[in-house]
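Have a look at the structure below before the remarks.
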There are 2 protein chains.
Amino acid sequence: MGLTKSEIFTKEQNQIAEIAKVLGHPARIAILDFLIKLQSCVCGDLVKEIGLAQPTISQHLKELKRVGIIKGKIEGTSVCYCIDEENWNQIKATLNHFLNKNPTENCC
Amino acid sequence: MGLTKSEIFTKEQNQIAEIAKVLGHPARIAILDFLIKLQSCVCGDLVKEIGLAQPTISQHLKELKRVGIIKGKIEGTSVCYCIDEENWNQIKATLNHFLNKNPTENCC
DNA sequence: ATTATTAATCGTAATATTGCAATAAATAAA
DNA sequence: TTTATTTATTGCAATATTACGATTAATAAT
């Protein structure tokens, strides 16, 4: 096995899990921290800032791009990455919808 | 490799990533949805409700317990699981602190 | 045209995760 | 005590993730 059975869960459950999974690596949190803090967002800067090899950073950027949290614009030989604010707000709303569900009475 | 280099990230980055990682599986989201909605929270109910084998559910419960989102109380042969409200609120606060960071000017 | 710079992709090794059958452990019921 | 019932643990196969060296692709500079 080793294969998540997505088909038995709701669309929303899969969606929340997918977002959370992408946020579930410190390198990707560090990338987002950096992109949120600075407007400078060239890939090479992230490599220097974070201290992982360039292909590794590139891979993490790809994941973040895949779910739409960031976008990249080619500028000569470099690529300028930044938060995709519209998608990011959407994603935050989805997460908050889950986080704001309130538990009822507990049995323990 | 295949081993996350936690030591190069901040404590907060690792913390957020760990929480997100645990939320990064639809079965665990489904378990939380169920625990939030109902007060009945015996492990066997989750097995029936979710449709994964008992050892699989047990493993997911263990993960959720490890980061403190849920707790379990033994009741005879069954175990009553529920949200650990205090920890859950703490975790939500940590996530919200990250989610509420606002990006500055974009270059793309 | 050649060379440098920058980022993406490929290939691969190490490790982690997911899922379940089989089994163990622990209490309840008979 | 024996038998159910319920959950945890173990062991394992399949798959996914993480990380990076080597290479490629694409533009810029000379």
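In the text below, chain A, chain B and the rest are named by the order of the sequence lines, each starting its count at 1.
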What's the CG-P distance between A:L3 and C:dT18, to the nearest Å?
11 Å

B:N14 side chain to B:S6 backbone, donor-acceptor under 3.5 Å
yes

Closest-nucleotide mapping onto DNA chain C: is B:T77 or A:T77 further toward the 5' terminus? I mean the 5' end.
A:T77

So if I take residues 50-76 of chain A and measure heavy-atom distances to DNA chain D, which residues fall below 4.0 Å?
A:L52, A:A53, A:P55, A:T56, A:Q59, A:H60, A:G76

Figure out the OH/P separation between B:Y81 and D:dT6, and round it to whole Å.
15 Å

Under the rule for side chain to side chain donor-acceptor pair (under 3.5 Å), what residues qualify as partners of A:N96, not counting sequence neighbours?
none

Tell me, please, which residues at least two apart from A:K101 pass salt bridge (charged side-chain N to carboxylate O under 4.0 Å, His left out).
B:D33

Any chance the side chains of B:H25 and B:E63 put a donor and an acceptor closer than 3.5 Å?
no

Applying side chain to side chain donor-acceptor pair (under 3.5 Å), can you list everything that pairs with A:Q90, at least two apart in sequence or on another chain?
none

With sequence neighbours excluded, tell me which residues meet side chain to side chain donor-acceptor pair (under 3.5 Å) with B:Q15.
none

Between D:dT18 (P) and B:E7 (CD): distance, integer Å
15 Å

Residue mapping more 5' on DNA chain D - nearest nucleotide basis, B:S6 or B:V47:
B:V47

So, using disulfide (SG to SG under 2.5 Å) as the criterion, who are the partners of A:C43 when residues are at least two apart?
none

Nucleotide of C:dA7, D:dT7, C:dG19 approaching A:K5 most closely (side-chain heavy atoms):
C:dG19

Would you give me the side-chain donor-acceptor pairs under 3.5 Å for residues 70-79 of chain A, sequence neighbours excluded?
residue : atom : partner : partner atom : Å
A:K73   : NZ   : B:C107  : O            : 3.2

Specify the residues of residues 16-25 of chain B, ordered by number, for which at least one heavy atom lies under 4.0 angstrom from an atom of DNA chain C.
B:K21, B:H25

Residue pairs passing the disulfide (SG to SG under 2.5 Å) test where at least one lies in residues 45-78 of chain A, sequence neighbours excluded
none

Non-neighbouring partners of B:T10 that pass side chain to side chain donor-acceptor pair (under 3.5 Å), sequence neighbours left out
B:Q13

Throw together a table of side-chain donor-acceptor distances under 3.5 angstrom for residues 46-56 of chain A, partners on residues two or more places apart or in other chains.
none

Which angle, to the nearest 10 degrees, lies between the helix axes at the two ends of the helix from C:dA1-D:dT30 to C:dA30-D:dT1, each defined by five pairs?
10°

